[in-house]
Amino acid sequence: MWTLSRIAIYPIKSLDPVILNQVDILPGGALYWDRRFAIYDQADHVIDAKKYPSIHKIRATCDLSQQTVTLSTTQSGTETKQFHLIENRTELESWFSQYFNQRVTIKENSQSGFPDDTVASGPTIISTQTYQELSRWFPEISIDELRLRFRANLEFDGDLPFCEDRLYSESEPPVLFQIGSVTFEGSNPCKRCVVPSRSPLTGESNPDFMKKFIENRKATFPAWAPLSLFQNMYRLTVNTRLPSHLLNNSARIQVGDHINILRG
């Protein structure tokens with residue numbers, strides 16, 4: 001039996017996570033407070049780590065109960081500042097504008113957040129065993145750093161590396177699985193971008209990361225995973241969503257919940 005072992009949300013898209021023991025599920029399927037805020041550049045495009053590597057040098061500590069964020073950077077001589085995410089929005093935008101050297105705006109979506117996958121906008125999920133396998137591929141990278149690179153919302157204690165690949169199917173109907181009392185649909189293995197190849201603290205890039213990842217993914221590809229969904233092997237974690245009949249229902253999951261596949 002698999003057990004949920006870690007919950008991570010990212011209150012400001014592309015910045016540092018907050019680790020929780022329990023979390024509510026929003027009506028659309030996203031986790032409460034996950035990617036609730038996003039930074040937009042002067043062209044009204046989201047500022048994320050894909051396009052702005054310098055964002056890796058920002059440290060953000062969010063206090064959800066106080067609705068504050070404390071910001072600093074890894075650059076020497078920078079001052080740590082705290083902002084209320086609602087009441088100090090103008091000051092917060094000014095801080096990011098100065099950092100990115102352009103006028104930026106902060107947008108908020110408390111109903112669904114700002115997910116990369118708007119079709120499967122539920123939490124992303126991965127097993128601890130997969131991170132352990134990745135740490136063998138990349139012994140110079142700790143498991144905690146791998147978590148920051150791949151930014152999954154949910155982690156569970158499974159049985160084998162890549163056992164999360166059992167949570168989706170190449171054809172309908174989708175795999176249904178339950179975390180505690182909440183039912184999710186597995187959508188697809190998440191296509192990765194350049195972000196995991198960079199240090200999450202400095203933004204320094206490893207040009208061999210993607211090639212080495214793909215080579216090892218091919219060599220260890222599990223028999224139960226649908227190969228047709230892997231146009232390339234640079235995919236990791238599973239995108240999820242709530243079944244349509246459960247949308248708009250309130251629900252909560254917590255560390256220690258069992259994970260059971262209902263239909264696969």
Requested in this report: Inspect the contact between E133 and R136 and indicate whether a charged nitrogen and a carboxylate oxygen are less than 4.0 angstrom apart.
Outcome: yes
Query raised in the report: Would you call R89 and E108 a salt bridge, taking side-chain N to carboxylate O under 4.0 Å as the test?
Result: yes
Query raised in the report: Between F156 and W2, what is the ring plane arrangement, given parallel below 30°, perpendicular above 60°, and tilted in between?
Result: parallel
Query - No-hydrogen, no-angle side-chain donor-acceptor test under 3.5 Å, Q82 and D63 - result: no
**Report entry** Backbone of P189 reached by a side-chain donor or acceptor of R235 within 3.5 Å
**Finding:** yes
Query raised in the report: Is there a donor in the side chain of Y52 and an acceptor in the side chain of D41, or the other way round, less than 3.5 Å apart?
Result: yes
Query raised in the report: Within the distance-only criterion (no hydrogens, no angle test), does the side chain of Y10 pair as donor or acceptor with the backbone N or O of D16 below 3.5 angstrom?
Result: no
Report task. Would you mind reporting whether L20 and W33 have side-chain heavy atoms less than 4.5 Å apart? Result -> no
Query raised in the report: Using 30° and 60° as the class limits, which term best fits the ring planes of F230 and F221: parallel, tilted or perpendicular?
Result: perpendicular
Query raised in the report: Does R192 use its side chain to pair, donor to acceptor, with the backbone of L236 at less than 3.5 Å?
Result: yes
Query raised in the report: Checking K107 against F114: charged group under 6.0 Å from the ring centre and within 45 degrees of the axis?
Result: no
Query raised in the report: Are Q178 and I259 close enough that some pair of their side-chain heavy atoms sits under 4.5 Å apart?
Result: no
